[in-house]
Amino acid sequence: MAQNIKTIKYFHRKFVQEEQTAPEDVKEAFATFAEGGDTMSAGQLREFVDKVQCQPQYTVEECERIMETFLRSRRDESDNGFTLEEFFQFLYFDEFNAPLSPEVHHDMDAPLSHYFINTGHNSYLTGNQLSSDCSEVPIIQALNKGVRVIELDLWPNSNKTDIDVVHGRTLTAPVSLYKCLVAIKDNAFVASEYPVIITLEDHLTKDLQALAAEVTNEIFGDLLYYPPEDAMDEFPSPESLKGRILISTKPPPYNASSDRECEEELTPSSEIHSGVIHYKRMITIHAGKPKGHIKDSLSVDGKVKRLSLSEQEIERASSSYGDDLISFTQRNILRVYPKGTRVNSSNFRPHIGWLYGAQMVAMNMQGYGKSLWHAQGLFRANGGSGYVKKPPLLMNKNDDGQSNIFNPKTPYPTSRIMKVKIYMGTGWISNFSKTHFDTFSPPDFYIKVSIHGVQYDKARHRTRVISDHWFPVWEEEFEIPLKVPSLALVLIEAREYDKHEKDDFGGQTCFPVDEIRPGFRSVPLYDEKGNKYSHVKLLLRFQFQHI
């Protein structure tokens, strides 16, 4: 394949783009499992899938169907098995060889507090936090990407007769609550069948709380989950809440005796009061912000609840009360939200919350950057369900109920070695214009691999630059020691080297180390906002050694 690049008016440089061939490791694997033959049978493929890809669940019959699917366009359908070239191309088949399992495989029967939950912040905003429009569109986009917690700020409209969703005391333009709730109903379970939680930042009068209850019940109907009691000793499980929508907010301040009295009276004013009782009763996750000393707010006695902390508050709390945070999040839900000065919808590093068990680390989905890539990466786990079971080290307790194992700041010994071999990449020429990276020549790609987790898991590596090539081949391996792999993410970035300016972005992906399937893996890359490229992918190999 040749590409002509015009450099000046009367001169052309010709770059020959060689077709990629199977790496030596792939040739060796083929020779081993094909037992020296020219083709690999379905039985031999099953052995490869079992021994190298560590997917023993596949039968010979299933491998036959995989081969038929992959080879259906072959000219001679009478041939059986993979040739070396076909086997090599099969490894790029990410529908089968993706780095993560596409299935939900975590235990989904534990209480909600046992899971990290894919959470949005100010989910209705289309852009910055001060002057962008509010709309149902970003809510739809978030749900379709697997977000399970949608935040709505509720305010009276200008004449105080209806409810607006708007970022209060800013120049943002409002959207109606009705539109937002309809958008949630229509899109709640497109990406995942597990529950959607709506967190309400409530600034309503009593009569508008009654209206909110009426509208919410009217739109959601049987989808709306009503808790069996006013407050619970334990949250229900994601499995028991499949296809349901939950409400989380601070309950109106009415006690049980006044509730009963209101239900018995029929005056117009009490109808509003009764509507507020209805509003209160549809709240599954009771929410609040810290009052007084933070340690008091982390008490684990009594009914379960949700506590909200800003990124600054959890940073301060983690420095002195890390054990209390982890103990609190074993039964209760902790939500962490961006500080108010992030007016451009940027994000904080989500591990600030995750390392202490915070389930709802709220991200501004309107922006992009590495922090959002990390959140998107975590929630590619468990089949993209939006619920990721927290590792056992965050759930262990001793006799007095306190965490007795995990401190994120402890320098734990290395427990695992991860080897990442980067063979090659493809697809850029299909997803980018020929002059996107360099006007006068093909791009100069390199790959960055970094680990993000506890403070002692911070490895960073990069390949050499492959100059002037749309189909780069690196064949480089990195050995990465890991101390707490269950909380580590691997971020992989493709960059295009530029001598005089900032290196160009060429794709990224991120996923949890504990979820990676060993073996040869076809790794799709995503754009800066987290949308998957249709063609760009890397061929990698992952291997793990337990210490």
Side-chain angles (χ1 to χ4, degrees), residues 112 122-124 134 136 139 148-168 174-185 188 195-232 235-236 241 244-289 291 302-308 332-333 335 360:
L112 290 174
N122 290 348
S123 305
Y124 49 86
C134 302
E136 74 279 12
I139 295 172
R148 297 287 87 193
V149 182
I150 298 295
E151 183 187 21
L152 303 178
D153 286 8
L154 306 186
W155 291 82
N157 69 351
S158 57
N159 57 16
K160 304 190 185 309
T161 59
D162 206 346
I163 303 168
D164 281 341
V165 173
V166 66
H167 196 199
V175 61
S176 74
L177 174 62
Y178 184 87
K179 279 187 177 180
C180 293
L181 296 184
V182 169
I184 292 171
K185 178 186 178 183
V196 166
I197 301 168
I198 304 174
T199 62
L200 301 177
E201 190 75 26
D202 178 0
H203 303 275
L204 301 178
T205 59
K206 292 179 182 179
D207 56 333
L208 288 179
Q209 285 179 340
L211 178 61
E214 180 184 341
V215 171
T216 302
N217 188 64
E218 174 190 334
I219 292 173
F220 292 146
D222 292 340
L223 296 178
L224 185 63
Y225 178 79
Y226 281 86
E229 53 189 280
D230 181 49
M232 295 175 286
F235 290 118
L241 296 169
R244 306 300 292 274
I245 295 171
L246 283 63
I247 303 297
S248 177
T249 190
K250 182 181 179 180
Y254 298 110
N255 59 41
S257 61
S258 66
D259 290 355
R260 287 192 297 272
E261 290 168 4
C262 289
E263 288 173 338
E264 292 168 359
E265 297 175 5
L266 297 175
T267 64
S269 61
S270 71
E271 290 177 11
I272 292 175
H273 201 170
S274 183
V276 176
I277 300 305
H278 185 196
Y279 178 81
K280 179 181 178 182
R281 287 180 178 168
M282 71 183 188
I283 301 171
T284 298
I285 303 173
H286 290 201
K289 292 186 177 181
K291 294 181 178 178
K303 304 294 186 180
V304 291
K305 58 187 176 183
R306 189 198 93 201
L307 181 69
S308 289
N332 301 279
I333 289 175
R335 175 178 173 268
M360 296 181 180

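The salt bridge (charged side-chain N to carboxylate O under 4.0 Å, His left out) analysis of residues 195-205, with sequence neighbours excluded, yields the pairs Glu201-Lys289. Residue pairs meeting the salt bridge (charged side-chain N to carboxylate O under 4.0 Å, His left out) criterion with at least one partner in residues 155-168, sequence neighbours excluded, are absent.
Residues forming a side-chain contact (heavy atoms from CB on, under 4.5 Å) with Ser176 (at least two apart in sequence, or on another chain): Tyr178, Lys179. Residues meeting the salt bridge (charged side-chain N to carboxylate O under 4.0 Å, His left out) test with Glu136, sequence neighbours left out: none. When the side chain to side chain donor-acceptor pair (under 3.5 Å) test is applied to Arg148, no partner is found at least two apart in sequence or on another chain. For the side-chain contact (heavy atoms from CB on, under 4.5 Å) test, residues two or more places apart in sequence or in another chain that qualify with Lys250 are Lys291. Taking the side chain to side chain donor-acceptor pair (under 3.5 Å) definition, one finds that Thr161 meets it with Asn159, sequence neighbours left out. Applying the salt bridge (charged side-chain N to carboxylate O under 4.0 Å, His left out) test to Arg335 and every residue at least two apart in sequence or in another chain returns Glu151. Residues passing the salt bridge (charged side-chain N to carboxylate O under 4.0 Å, His left out) test with Lys303, sequence neighbours excluded: Glu229, Asp233.
Met232 places a side-chain heavy atom less than 4.5 Å from the side chain of Thr284. At a threshold of 4.5 Å between non-hydrogen side-chain atoms, the residues Pro174 and Asn157 do not count as touching. By the 4.5 Å heavy-atom criterion applied to side chains, Thr249 and Thr199 are not counted as neighbours. At least one side-chain heavy atom of Tyr124 sits under 4.5 Å from a side-chain heavy atom of Asp153. Counting only heavy atoms from C-beta outward, the side chains of Val165 and Cys134 never approach each other to under 4.5 Å. In this structure, Val175 and Val166 have side chains that are not in contact, with every pair of non-hydrogen atoms separated by 4.5 Å or more. Between Leu112 and Ile285, some side-chain heavy-atom pair lies under the 4.5 Å cut-off. For the pair Ile333 and Leu307, the minimum side-chain heavy-atom distance is 4.5 Å or more.
Taking CG of Leu208 as the start and OG1 of Thr205 as the end, the distance is 3.5 Å to the nearest 0.5 Å. Between His286 atom NE2 and Ile247 atom CD1 the span is 11.5 Å, to the nearest 0.5 Å. Taken to the nearest 0.5 Å, the CG atom of Leu152 stands 9.5 Å off from the CG atom of Asn122. Taking CD1 of Ile150 as the start and CG of Leu200 as the end, the distance is 11.5 Å to the nearest 0.5 Å.
Heavy-atom minimum distance, Ile283 versus Ser248: CG2-CA, 4.4 Å. The minimum heavy-atom distance linking Val196 with Ala188 is given by the pair CG2-O, 3.6 Å.
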Could you pull out every donor-acceptor pair under 3.5 Å between side chains of residues 212-226 and any protein atom, sequence neighbours left out?
unit_1: Thr216; atom_1: OG1; unit_2: Ala212; atom_2: O; d: 2.6
unit_1: Asn217; atom_1: OD1; unit_2: Tyr226; atom_2: OH; d: 3.2
unit_1: Tyr226; atom_1: OH; unit_2: His278; atom_2: NE2; d: 2.7

